[in-house]
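Working notes for the structure below.
Owing to the predicted nature of the structure, the values given are computational and were not obtained by experimental measurement.
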Amino acid sequence: MANLVDSSLIAVLTGDIVKSRQISQEGYDDLLYSLNNVLSYVSEQHVNNAFQLMRGDSFQLIIHDPVNAFKYALLIRLALKERDDHFDCRVSIGLSDNDVIRHQIGNSTGDAFTLSGMGLDELKSRCLQVTSLDNDFNQRIDLLVDYADHQLSQFTQRQAAIVQLKLRQPELIQQQIADLLSAQRVSISRSLKTARFDLLEQNISYIETQIKALIQ
């Protein structure tokens, strides 16, 4: 019998590596190392979160703290871009509350899985999408998701490293980040401003608020 996990609203993140066939074997090993690390980190944020790597260039996560799903998607992309600014992935988030979760993620079913998979198939020029069964929700956040997608696509390796640290540990001040990255505080400040981290923070906060409204 399948081992089921009780769930209400969940998020399913389905992703694949951008232009994976154009990456050298050595580069691909680096990419998979970074990907596995960040997926493990996300899984550790909730006891029931889990991930599965599939076919070498794709992955899927089940997220039981769905309010954080958008931030997790950003962290995955940032982890790859920190490793190499040519690395990136497409991530589609599906949100729903009537899904059947099994030991094998690939055998799980429900609207969140369907929405996530369909969303990934629809991603062409974009690398990020969030979809629920609530069309009003989708319309409210679509432009913000599009903006965040464009923003991350422009990040350098250094910006990706700094923003990832800030998202993982918001309490870090600029001098602490500088110490961790062996950099000058002024360069950290400049990178955050150039990356428009203030706008990204507002963006994440608004989308998290909208997801909380889906739960209520």
Side-chain angles (χ1 to χ4, degrees), residues 13 15-20 22-45 49 51 57 59 61 63 65 67-91 93 123 125-130 141 143-209 211:
L13 278 63
D16 62 11
I17 305 304
V18 173
K19 298 179 180 179
S20 60
Q22 299 179 20
I23 302 173
S24 68
Q25 184 59 55
E26 181 180 358
Y28 205 76
D29 289 342
D30 285 344
L31 184 151
L32 287 181
Y33 176 81
S34 297
L35 180 62
N36 190 75
N37 280 349
V38 70
L39 295 181
S40 296
Y41 169 80
V42 171
S43 293
E44 291 166 359
Q45 302 312 300
N49 287 355
F51 74 92
D57 65 350
F59 56 89
L61 300 94
I63 303 300
D65 51 336
V67 170
N68 297 314
F70 184 65
K71 180 173 66 177
Y72 291 156
L74 300 183
L75 285 173
I76 293 167
R77 292 185 62 193
L78 289 167
L80 299 187
K81 293 186 74 67
E82 178 187 359
R83 193 74 173 187
D84 187 313
D85 55 15
H86 292 99
F87 292 168
D88 206 346
C89 63
R90 303 182 303 159
V91 185
I93 303 171
L123 285 174
S125 59
R126 294 171 58 173
C127 286
L128 191 60
Q129 182 154 313
V130 183
I141 69 167
L143 186 60
L144 294 178
V145 173
D146 198 25
Y147 179 80
D149 175 42
H150 174 75
Q151 199 174 357
L152 261 67
S153 296
Q154 307 301 311
F155 279 4
T156 64
Q157 282 181 263
R158 173 52 64 91
Q159 288 172 333
I162 295 169
V163 171
Q164 184 179 190
L165 275 173
K166 283 294 290 181
L167 292 182
R168 287 196 185 200
Q169 303 178 68
E171 72 281 1
L172 290 178
I173 62 174
Q174 291 181 8
Q175 186 58 58
Q176 290 173 312
I177 296 173
D179 293 341
L180 288 169
L181 298 179
S182 301
Q184 297 295 317
R185 189 202 63 77
V186 65
S187 72
I188 301 300
S189 176
R190 187 183 304 116
S191 291
L192 287 170
K193 288 179 181 178
T194 304
R196 295 309 309 267
F197 180 70
D198 57 333
L199 291 182
L200 186 64
E201 272 192 310
Q202 293 174 36
N203 197 338
I204 293 170
S205 179
Y206 179 81
I207 290 175
E208 288 177 346
T209 299
I211 295 175

Can you tell me how far the [atom1] atom of [X] sits from the [atom2] atom of [Y], to the nearest 0.5 Å?
X	Y	atom1	atom2	result
Leu180	Ile162	CG	CD1	11.0 Å
Ile63	Asn49	CD1	CG	4.0 Å
Leu75	Leu152	CG	CG	9.5 Å
Ile207	Lys71	CD1	NZ	13.0 Å
Leu200	Leu78	CG	CG	7.5 Å
Ile23	Asp84	CD1	CG	8.0 Å

Hydrogens and angles aside, do [X] and [Y] bring a side-chain donor and acceptor to less than 3.5 Å of each other?
X	Y	result
Gln175	Arg185	no
Tyr72	Asp65	yes
Asp29	Gln25	yes

Heavy-atom closest contact ([X] atom, [Y] atom, distance):
X	Y	result
Ala79	Ser34	O-CB, 4.0 Å
Cys127	Val18	SG-CG2, 4.1 Å
Phe59	Cys89	CZ-SG, 4.1 Å
Ser20	Tyr28	CB-CE1, 3.9 Å

Crowding at CD, Gln184 (>12 non-hydrogen neighbours, <6.0 Å) | no
Is the number of heavy atoms from other residues, nucleotides or ligands under 6.0 Å of Tyr206 OH greater than 12?
-> yes
Just do the side-chain contact (heavy atoms from CB on, under 4.5 Å) check on Leu31 and Arg83 with the steps written out, would you?
-> CA-CA 7 Å; Leu31 184 151; Arg83 193 74 173 187; over 6 Å; no
Taking Phe51 as the fixed residue, which of Leu13, Asn36, Ile76 is the one that meets the side chain to side chain contact (heavy atoms under 4.5 Å, CB included) rule?
-> Asn36
Scan for salt bridge (charged side-chain N to carboxylate O under 4.0 Å, His left out) pairs involving residues 149-173, sequence neighbours excluded, and state none if there are none.
-> Arg77-Asp149
Taking side chain as C-beta onward, heavy atoms only, is Thr156 less than 4.5 Å from Thr194?
-> no
Note, Leu32 side chain near Ile17 side chain (heavy atom, < 4.5 Å) | no
Are Val42 and Asn68 close enough, and set up right, to give a side-chain contact (heavy atoms from CB on, under 4.5 Å), and what steps lead you there?
-> CA-CA 10 Å; Val42 171; Asn68 297 314; over 6 Å; no
Derivation and outcome, side-chain contact (heavy atoms from CB on, under 4.5 Å), residues Gln174 and Leu192 | CA-CA 9 Å; Gln174 291 181 8; Leu192 287 170; 4.0 Å; yes
Under 3.5 Å, side chain of [X] to main-chain N/O of [Y], donor-acceptor pair present?
X	Y	answer
Gln176	Ile173	yes
Ser191	Ser187	yes
Glu82	Gln157	no
Gln151	Ala195	yes

What's the verdict on side-chain contact (heavy atoms from CB on, under 4.5 Å) for Phe70 and Val91, showing C-alpha distance, side-chain angles and the deciding distance?
-> CA-CA 10 Å; Phe70 184 65; Val91 185; over 6 Å; no
